[in-house]
2 protein chains.
Amino acid sequence: MDTTAGEVDTVNMLEDPGGARRYHHGNLRAALIDTAVDQARSGGADAVVLRDAARRTGVSHNAAYRHFADRDDLLAEVSRQGMAELERRMRDRLADLPDDDTGEPASARLRAVGREYVHFALAEPGLFSTAFACARPEDGAPGQGAYGVLSTVLDDMVTAGVLPAERRPGADVTCWAGVHGFAVLCLQGPLRDLPEDDREAQLEGLLERLARGL
Amino acid sequence: MDTTAGEVDTVNMLEDPGGARRYHHGNLRAALIDTAVDQARSGGADAVVLRDAARRTGVSHNAAYRHFADRDDLLAEVSRQGMAELERRMRDRLADLPDDDTGEPASARLRAVGREYVHFALAEPGLFSTAFACARPEDGAPGQGAYGVLSTVLDDMVTAGVLPAERRPGADVTCWAGVHGFAVLCLQGPLRDLPEDDREAQLEGLLERLARGL
DNA sequence: CCACGGATGTGGACACCGGCAACATGGACA
DNA sequence: TGTCCATGTTGCCGGTGTCCACATCCGTGG
C-alpha cells in the first residue's frame, strides 16, 4: 500500500564512480526523484511525467511503479524536496546574519526570511509551485519546515522584545500569507510582468508594511 | 488565429424555451464555457477536459475547436469567468455597505473586500485556482477587475483621510498579497485543515494587521 | 555450491486525452 | 434555386497513466 522504501532515501548519490550500469539500478527511486525534480523545475507540476522521467533515467516505463504507488506519490516526493530546498535556503540566509538578540537584527531576520522566500519562488517557479500544488497530510513537527523557520524567527522577536507577546498569535499566518501571496502574484498574477527593480521595491514595501502591522 | 467570436459571447443564454435541439447548436461556445466552468468548479484547472466537456454538452469532440484554438484558450475563458465572478462578489459585498466617506466605513470597506476575496476562494476553490492558474496578458483597464476594486477602495481611503497619500503607493500590492496568500494557504497550504472558526479568526487578525501596516 | 523466492525491471495492452485532417451538413445569401 | 462557408462529425495519431503477465537479478537457506 505504501511505498516508503525502508529509510534508504538518500537522494543525490547517483553516478557511482565505477559507472557500472548494474541494472537492477541500485538507487532507482532516488534517480527518479532527481529527474522528476528537474521536470518540476523546468515546467511545474504538469511537467512531471512518469514515462518521460523513466525514459530520461534510462529505465523502462512502469519501473517507477516499484517505487511509487502512482504519479501523485512521485509528485508528493517532489513537493517534499521543493519544500526542503525552500527551508534550506531560508536557513542559509538566516545563517548569514549576525544572530545576537538585540532589537534591530531580530526584525532584520524576519525581513531576510521573507525576502528569501520570495526570491526562491522567483528563482525556481516550477519547483516552488509544485511544492505547494500537491495536497499532503503535512508532517508538522513544530519548528521544522519552512513554516517552522518563520515561527522561530517570530518567537525570537518576542524574546528580543521587539514584538509584544500578545501580538504573537496569528503573526506567523499574516507574514506567511503576505510573502506567499506576493510570490504567487509575481509568478502568475497581475505582478507577472513587473520589471525586477519595481518588484524588489514592492517587496521591500510589503515587508515593511507587514512588520509595521504586527 | 484568434477565435474571439464576434462579440456574441453572451454566456448563460442556454436552454432556449423551444427546446429545439437545432444542431448547429446556436450557442455552442457559451455552452462549452459553462460546462468547462462546472468542471473547474468541481476539480480545478486539471478537471477542465475538452473531450469530456464536449460530451457533456452533447456534442462531438473536436466541435470545440471551431470555437477555441486549443485547451488553453478554453481555460483562459474559464479563468476570465472566474475572475469576473470574484469581482462581482466583491462589488456586491461593497454595495451592502453604507458608502458615505467618513473614516471608519472607509476602512470597513477594505476589510469587507478582503474578507469576501477569501470567502470566494474557500467557497469556490476550483474556480478560484483556475482563475489564477492560467497565464493571460491581462486586459488591465484601471479600476476594472478584482484588482481594480481593491485599488478603488484604497483610493477612497485616501480621499476620506484614513490613509495618508504618501502611504498609498504599494498599499494595493500588500493588501492583495495578504488576502491572496491567505486564501492559497487555506486551500492547499499548511492552513488547509484549520477548522472554520479558527480560520475566520485568523482572517480577521490578518485583515487587522494589514490595515494597521498600511 | 546451488536452487529458490521475492524484489526489481520489461513489454504489452487498455482507456483516455489533445490535436490534426478529411468529410458532412445545413443555413444564409446571391 | 444553387452555391459557399461556418459549423459539427468521424477517423486517426502520438502521448500518458495504469494494470497485467513475464523476465531477471540477488540474497538466503539448504
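Because the structure is predicted, anything quoted here is derived from the model rather than measured. Note on naming: letters A, B, ... go to the chains in the order of the sequence lines (proteins, then strands), and numbering restarts at 1 for each one.
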- Task: Using whole Å, report how far OH of Tyr65(B) lies from P of dT10(D).
- Result: 16 Å
- Message: Could you tell me how far apart Phe68(A) (CZ) and dG9(C) (P) are, to the nearest whole angstrom?
- Response: 11 Å
- Nucleotide dT7(D), atom C1' - distance to CG of Asn27(B) in whole Å: 13 Å
- Message: Under a 3.5 Å cutoff, is there a donor and acceptor pairing between the side chains of Thr35(B) and Thr57(B)?
- Response: yes
- Message: Under a 4.0 Å threshold between the charged nitrogen and the carboxylate oxygen, would Arg89(A) count as salt-bridged to Asp92(A)?
- Response: no
- Task: Send over the distance from Arg66(B) CZ to dA22(C) P, rounded to a whole Å.
- Result: 12 Å
- Look at Glu77(A) together with Arg80(A) and state whether they make a salt bridge at an N to O cut-off of under 4.0 Å. yes
- Please report, rounded to the nearest Å, how far the P atom of dA15(C) is from the CG atom of Asp52(B). 17 Å
Polar atom pairs between nucleotides 11-15 of chain D and protein, under 3.5 Å, N or O only, would you list them?
from    : atom 1 : to       : atom 2 : distance (Å)
dG11(D) : O6     : His61(B) : NE2    : 3.2
dG11(D) : O6     : Asn62(B) : ND2    : 2.7

- Message: Let's see if you can work this out: which of dG9(C), dT9(D), dT10(C) has an atom nearest to the side-chain heavy atoms of Ser60(A)?
- Response: dT10(C)
- Item | salt_bridge(Arg115(B), Glu200(B)) N-O dist < 4.0 Å | no
- Item | hbond_proxy Arg71(A) side chain to dG17(D) base (donor-acceptor, 3.5 Å cutoff) | no
- Query: From Arg109(B) CZ over to Leu94(B) CG, what is the distance, rounded to the nearest 0.5 angstrom?
  - Reply: 4.0 Å
- Tell me, please, which residues at least two apart from Asp38(A) pass salt bridge (Lys or Arg N to Asp or Glu O under 4.0 Å). none
- Task: Return the nearest nucleotide to the side chain of Leu50(A); candidates are dT16(D), dT18(D), dT9(D).
- Result: dT18(D)
- Whole-Å distance separating the CG atom of Leu32(B) from the P atom of dT7(D): 13 Å
